[in-house]
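Only one structure is covered here, and it is reproduced in the block below.
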Amino acid sequence: QVQLVESGGGSAQPGGSLRLSCATSGIDSSLSTMGWYRQAPGKQREFVATITSSGHTNYANSVKGRFTISRDAAKNTVNLQMTLLKPEGTAVYYCSAIPIHVSETYWGQGTQVTVSS
């Protein structure tokens, strides 16, 4: 069974920082394209960031320069360091994984991030 479990969500003030982690089991995250998506209240799920098995990263324009995605291969985890948080960043953040040679996308259950003053 593949499991993705997000952690690190919570509340922060505008301009603050949070670090999200995605712990994986049943897959090798280093052989997967890992991603973060978010869904704000009343909105569709949107792309935030991805990191490929070769280490290349992509970011949504809305978070570029503020968020950093990284992986810890030894721990089979993927992180999202979020800085300069904005109220519009309030959302449930989901971890995703697409293993190499697998078409299916796996999802975690999400972790709530709330940015408000």
Side-chain angles (χ1 to χ4, degrees):
Q1 290 183 310
V2 175
Q3 282 191 290
L4 308 178
V5 181
E6 302 94 337
S7 63
S11 298
Q13 295 184 338
S17 300
L18 286 172
R19 184 178 180 88
L20 306 182
S21 294
C22 175
T24 70
S25 61
I27 61 169
D28 186 344
S29 63
S30 67
L31 298 178
S32 305
T33 293
M34 304 296 301
W36 288 95
Y37 290 72
R38 66 187 181 187
Q39 187 168 20
K43 297 183 179 180
Q44 297 186 37
R45 187 174 299 184
E46 67 174 353
F47 163 78
V48 175
T50 54
I51 183 168
T52 70
S53 60
S54 61
H56 290 101
T57 59
N58 285 298
Y59 297 93
N61 289 334
S62 60
V63 307
K64 191 171 296 183
R66 300 186 297 114
F67 291 10
T68 302
I69 188 171
S70 62
R71 70 169 81 244
D72 186 334
K75 297 181 179 180
N76 209 21
T77 62
V78 176
N79 302 309
L80 183 69
Q81 179 67 51
M82 306 186 296
T83 63
L84 298 174
L85 286 165
K86 301 178 180 180
E88 51 263 47
T90 295
V92 177
Y93 285 70
Y94 297 91
C95 178
S96 69
I98 305 177
I100 292 177
H101 298 152
V102 176
S103 61
E104 183 176 3
T105 301
Y106 298 96
W107 296 94
Q109 65 181 12
T111 184
Q112 177 70 47
V113 171
T114 302
V115 185
S116 66
S117 58

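If you're wondering where the values come from, they're calculated on a predicted model, not measured in any experiment.
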Check your understanding: Is it the case that Ser116 and Thr114 place a side-chain donor and acceptor less than 3.5 Å from each other?
Key -> no
Revision key, fill the gap. Taking every heavy atom of Val92 against every heavy atom of Gly110, the minimum-distance pair comes out as CG1-CA, 3.8 Å
Check your understanding: Where do His56 and Ser54 come nearest, in terms of heavy atoms and distance?
Key -> ND1-OG, 2.9 Å
**Study point:** Pairwise side-chain contact, Glu6 with Trp36, heavy-atom cut-off 4.5 Å (strictly under)
**Key:** yes
**Study point:** Side-chain heavy atoms of Leu18 within contact of Val113, under 4.5 Å
**Key:** yes
Review point. How many angstroms lie between atom OG1 of Thr50 and atom CG of Asn58, to the nearest 0.5 angstrom?
Key: 4.5 Å
Review point. Would one find more than 12 heavy atoms of other residues, nucleotides or ligands at under 6.0 Å from atom CD of Gln13?
Key: no
Review point. Do you know which two heavy atoms are closest between Ser96 and Thr105, and how far apart they sit?
Key: CB-CG2, 4.1 Å
Review point. Are side-chain heavy atoms of Thr24 and Val2 found at a separation under 4.5 Å?
Key: no
Check your understanding: Do the non-hydrogen side-chain atoms of Val48 and Tyr59 ever get within less than 4.5 Å of each other?
Key -> no
Review point. What's the shortest heavy-atom distance between Ser32 and Pro99, and which atoms?
Key: OG-CA, 3.4 Å
Review point. Is there any disulfide bond (SG atoms under 2.5 Å apart) pair reaching into residues 84-117, and which pairs are they, with sequence neighbours excluded?
Key: Cys22-Cys95
Check your understanding: Does CD belonging to Gln109 count more than 12 external heavy atoms closer than 6.0 Å?
Key -> no
Review point. With a distance cut-off below 6.0 Å to the six-membered ring centre and an angular limit of 45° from the axis, does Arg38 pair with Tyr94 as a cation-pi contact?
Key: no
Exercise for review: Would you confirm whether Arg71, through its side chain, and Val78, through its main-chain N or O, come within 3.5 Å as a donor-acceptor pair?
Suggested key: no
Check your understanding: Looking at CD of Gln112 and OG of Ser11, how far apart are the two atoms once the value is rounded to the nearest 0.5 Å?
Key -> 8.0 Å
Exercise for review: Report the C-alpha distance between Met82 and Leu20 in whole Å, list the side-chain angles of each, state the deciding distance to 0.1 Å, and finish with yes or no for side-chain contact (heavy atoms from CB on, under 4.5 Å).
Suggested key: CA-CA 8 Å; Met82 306 186 296; Leu20 306 182; 3.8 Å; yes
**Study point:** Close side-chain approach of Thr83 and Phe67, heavy atoms under 4.5 Å
**Key:** no
Revision key, fill the gap. In this structure, CG of Asn79 is separated from CG of Asp72 (nearest 0.5 Å) by 7.0 Å
**Study point:** Euclidean distance, Ser17 OG relative to Leu84 CG, rounded to 0.5 Å
**Key:** 6.5 Å
Exercise for review: Would you check if the side chain of Thr90 reaches a backbone N or O of Val115 as a donor-acceptor pair within less than 3.5 Å?
Suggested key: yes
Exercise for review: Return yes if some donor-acceptor pair links the side-chain N/O of Thr77 with the main-chain N/O of Ala73 below 3.5 Å, else return no.
Suggested key: no
Practice item. Determine the minimum heavy-atom distance between Ile100 and Ser53, stating which atoms define it. Key: CD1-OG, 3.7 Å
Point to revise | Met34 side, atom CE; Thr52 side, atom OG1 - distance, nearest 0.5 Å | key: 12.0 Å
Check your understanding: So how far is it from Ile51 CD1 to Thr33 OG1, rounded to the nearest 0.5 Å?
Key -> 9.5 Å
**Study point:** Validation row: Asn76, Ser25 side chains within 4.5 angstrom (heavy atoms)
**Key:** no
Practice item. Indicate the ring-plane relationship of Phe47 and Tyr37, choosing parallel, tilted or perpendicular according to the 30° and 60° boundaries. Key: perpendicular
